[in-house]
Amino acid sequence: MINVFQESPQGIQTAPHDPRILAAGHQVALREVDFSEVRDRDSLMLAFLRGLALTETFGRNWDALYDVLTDPEARPERFAILLTDYAAFRTRQRQLGPQLEGVLLDAQAEAARQGRSLWLLAEEAGYDLRRW
């Protein structure tokens, strides 16, 4: 598999094997957002609040999420979000999934316009490390 951190971010990509070590080696700050407990928009925003270590002042809406992801003062120049259990979330939440994807991809495009990188890496919870 090609190392995603050697290329520009390209949408929501499959997480590489051991993304935390690869991110550290390429000086990419990585945070994990776990979708396994997401049942509605409120729990989705809570997952981002926890995963991105946001403060309680986070607005918990689409605009606030976009602002947090595109704020050059709040995010490093090279930043990745590991989206754990993302495919299952999209299956469970057929309406929320496309809305979230739109916000994430718009934020990724805005980061690129700012000369920054925002990788969006989908990883399934409990994937089998022995397959490598």
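Being a predicted model, the structure only gives us computed values, none of them experimental. These numbers come from the heavy atoms of this one structure, side chains and all, not from hydrogens, waters or symmetry mates.
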- prompt: Checking side-chain contact (heavy atoms from CB on, under 4.5 Å) for the pair Arg78/Arg116: CA distance, chi angles, key distance, verdict?
  reply: CA-CA 6 Å; Arg78 295 171 53 81; Arg116 299 169 46 247; over 6 Å; no
query: Closest approach of Ala80 and Phe5, non-hydrogen atoms and distance?
result: CB-CE2, 3.9 Å
- request: Examine distances only and state if a side-chain atom of Arg75 and a backbone atom of Leu69 form a donor-acceptor pair shorter than 3.5 Å.
  value: no
- request: Grab the two heavy atoms, one from Pro16 and one from Pro19, that are nearest each other, plus how far apart they are.
  value: O-CD, 3.1 Å
message: Quiz question: by atom type and distance under 3.5 Å, do the side chains of Thr70 and Glu110 form a donor-acceptor pair?
response: no
field: Test side-chain contact (heavy atoms from CB on, under 4.5 Å) applied to Val28 and Leu22, step by step
entry: CA-CA 8 Å; Val28 174; Leu22 285 175; over 6 Å; no
Exercise: identify the closest heavy-atom pair between Arg20 and Leu82: NH2-CD2, 3.2 Å
message: Please find the pair of heavy atoms, one from Glu101 and one from Ile12, that lie closest to each other, and give the distance.
response: CG-CD1, 3.7 Å
task: Using the side-chain contact (heavy atoms from CB on, under 4.5 Å) rule, take Val33 and Tyr86 through it: C-alpha gap first, then chi angles, then the decisive distance, then the call.
output: CA-CA 9 Å; Val33 176; Tyr86 186 70; over 6 Å; no
- prompt: Do any pairs count as a salt bridge (Lys or Arg N to Asp or Glu O under 4.0 Å) and have a residue in residues 44-56, sequence neighbours left out, and if so which ones?
  reply: Glu56-Arg60
statement: The complete set of ring pair (Phe, Tyr, Trp, His ring centres under 6.0 Å) pairs with one or both residues in residues 41-83, sequence neighbours excluded, reads Phe35-Phe48
task: Could you pull out the closest heavy-atom pair between Leu105 and Leu120, with the gap in Å?
output: CD2-CD1, 4.1 Å
- request: Keeping the roles fixed (side chain from Glu32, backbone from Gly51), state whether a donor-acceptor pair exists under 3.5 Å.
  value: no
query: Can you name the residues that form a salt bridge (Lys or Arg N to Asp or Glu O under 4.0 Å) with Glu37, not counting sequence neighbours?
result: none
Euclidean distance, Leu44 CG relative to Arg39 CZ, rounded to 0.5 Å: 12.0 Å
- prompt: Would you find a donor on one side and an acceptor on the other, under 3.5 Å apart, between the side chain of Gln108 and the backbone of Leu118?
  reply: yes
task: Enter the distance from Thr84:OG1 to Ile81:CD1 here, rounded to the nearest 0.5 Å.
output: 11.0 Å
statement: All heavy atoms of Gln93 vs all of Asp40, minimum pair found to be NE2-N, 4.4 Å
- request: Take Glu123 and Leu83 through the side-chain contact (heavy atoms from CB on, under 4.5 Å) test and state the conclusion after the steps.
  value: CA-CA 6 Å; Glu123 175 183 74; Leu83 308 168; over 6 Å; no
query: Are Asp85 and Arg92 close enough for a salt bridge, meaning some N to O gap below 4.0 Å?
result: yes
